[in-house]
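The chain is numbered in sequence order, starting from 1. As the structure lists them, so they are numbered: ligands from 1, and atoms in each ligand from 1.
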Amino acid sequence: MTTGTDHSMGEAIAARIERRWATLSIVIVGVLVGMAAFIGIHQATMPQGHVETADPKTLHLSGEFIESNLGTSVEADGSVTVRAIGQQYSFTPQCVVVPADTPVSFRATSADVVHGFLIEGTNINAMLVPGYVSVLPARFNAPREHVMPCQEFCGIGHQGMWGKVKVIDKAAFSKLSATRRRLTCVD
Ligand code: CUA
C-alpha cells in the first residue's frame, strides 16, 4: 500500500522522466532537420562534378558546338566522339555515323528548348537541356541503323524531329575518317 506522499512523489518522478524524453525527442528531430538542411545547402552551394555548360545563344558562333565541329571525330586513343545539337525541329547532324565495336561518347546540347535524345535499340535516352552538355557513353556491337527520335515534347514540330545513327564496320569507318576530320552521313 502506498501513502499519499509516495503517490505524489512517484507522479513527480514520472513527469520528470516524461519531460526528459520529450526534450530528447525534440533534440533528435532538431538534429535531423539541421543535418538535412546542412546537406541541402552544402550541395546547393557546391558546384556538382561533371556538369558542363554551353551557352545556347552563342553555340553557332564559337566553342565546341560550332557547325564545323559537329559530327563524329576520332580521338587520339582510338575512341570516337560525336557532337550534336538539337533545335526546333531537327538534329545537327541529321545522320550520325559511328564505327561498330568502338567506345563512342555522345556530347550534345540544345540550341533552344528541351529536346529528347533517344537512340532506338540502345539504352541511350537523355534530355538535351539548353545551357548544359549531355555526355552519353555508348558502344554499338554491330553495323546497323538506329532511328533517333526526339522523345521530349518541344513544340508543334516535335513529331517530325528525328535523326538517325548509322553504325558501320570498323574498317570502313577508319577508311572514311582518314579523309575528313568530322564525319556525318548527311549527303
Ligand atoms: Cu525536339 Cu521534341
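- Judged by distance alone, the side chains of Ser110 and Gln87 never bring a donor and an acceptor atom under 3.5 Å apart.
- For residues 159-168, there are no side-chain hydrogen bond (donor to acceptor under 3.5 Å, both in side chains) pairs, not counting sequence neighbours.
- Protein contacts to atom 2 (Cu) of ligand 1 involving N, O or S atoms at a distance below 2.8 Å are Cys150 SG, Glu152 O, Cys154 SG, His158 ND1.
- Note on residues 101-177: no pairs pass disulfide bond (SG atoms under 2.5 Å apart), not counting sequence neighbours.
- Within the structure, the salt bridge (charged side-chain N to carboxylate O under 4.0 Å, His left out) test picks out the following pairs touching residues 82-107 (sequence neighbours left out): Glu52-Arg107, Glu64-Arg83, Glu64-Arg107, Asp101-Arg139.
- With His158 contributing its side chain and Glu152 its backbone, the two residues share a donor-acceptor pair below 3.5 Å.
- His115 has its ring centre no less than 6.0 Å from the ring centre of Phe91.
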